[in-house]
Asker: 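Quick one: the structure is below, and I'll ask about it shortly.
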Amino acid sequence: MLLLPACAVAQEVKPEATEDWLRKPPLVTPAGPNRAPSDAIVLFAGAKDLDKWEHPDGSAVKWEVKGNVLTIVPKTKDIRTKQSFGSMQLHIEWKTPDPEENHGRNNMGNSGVLFMGLYELQIYESYDYRERIYYNGQAGSIYKQYAPLANASLPPQTWQTFDVVFEAPVFNADSTLKTPARITVFQNGILIQNHVAIKGPMVYAGYPKYVYHPARLPLVLQEHGSKVSFRNIWVREL
Ligand code: MG
């Protein structure tokens, strides 16, 4: 029997056979680096967006707004979006405060983005004080699960960016986990989390474990006693 080389077999497939003319990508108009593209949901660009957020008890946001900057007021609790989300692309800009102003371990620019209110991408002062916390607790960690692939942090009081692809977990009909959440993160343009499988909701003491929850939940920003600021927050639902 004559065996044809692989290249000869490939030539029998017409070029048209592998051309996709059915699944047309939707038009999205980019708006430049860091700026919300045409199909984004803007979550915070200034005071007018404050009504898109609330504290967990449903009360109006007590964090401070100056111009296009939202700053945590310590002891006022986390805030969450009124809208619920599943998988998303997120852009968020943040800066940690002057470390001299707030010098406790728990206050070192500690905040975080909690996807679905459960899965924490850590915000922390990790430039001048990078050895003050375990590596899977520094900026860009999936808190207590994955250290970032690199420390891409900038100095305190400097605006930094997270660009994130978050894939929500999927549960079976019997509430058991089908597929875990996954996350990819760029900090200041540098890949720091590469499609890692999140092990479960953030826990401070103990080991994470998935518990069934709805397919869409609010996005949460953490208040941890530190005056971390935010600006230019937008998402694209996936
Ligand atoms: Mg945190």
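Worth knowing before you read on, the calculation uses all heavy atoms, side chains too, and leaves out hydrogens, waters and symmetry mates. Counting convention: from 1, in listed order, for ligands and their atoms alike. What you see is a predicted model, and the numbers here were worked out from it, not measured in a lab.
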Asker: Is a salt bridge present between E54 and K82, judged by a nitrogen-to-oxygen distance below 4.0 Å?
Answerer: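 No.
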
Asker: So F171 and Y210, would you call those rings parallel, tilted or perpendicular, with 30° and 60° as cut-offs?
Answerer: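 Ring orientation, 0 to 90° scale: perpendicular.
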
Asker: Kindly indicate, with the supporting measurements, whether the criterion side chain to side chain donor-acceptor pair (under 3.5 Å) is fulfilled by N188 and Q160.
Answerer: CA-CA 6 Å; N188 304 318; Q160 308 198 47; 3.0 Å; yes

Asker: Answer yes or no for K144 and Y204: cation-pi contact, defined as NZ/CZ to six-membered ring centre under 6.0 Å and angle to ring axis within 45°.
Answerer: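 Yes.
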
Asker: What is the number of protein N/O/S atoms located under 2.8 Å from the Mg ion (ligand 1)?
Answerer: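 Protein heteroatoms (N, O, S) closer than 2.8 Å to the Mg ion (ligand 1) number 5.
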
Asker: Can you tell me if NZ on K62 sees more than 12 non-hydrogen neighbours from other groups inside 6.0 Å?
Answerer: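 Counting other residues, nucleotides and ligands, NZ of K62 exceeds 12 neighbours.
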
Asker: Got a sec, which residues hit side-chain hydrogen bond (donor to acceptor under 3.5 Å, both in side chains) with N151, two or more places apart in sequence or on another chain?
Answerer: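 Once residues adjacent in sequence are excluded, the partners of N151 under the side-chain hydrogen bond (donor to acceptor under 3.5 Å, both in side chains) criterion are S153.
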
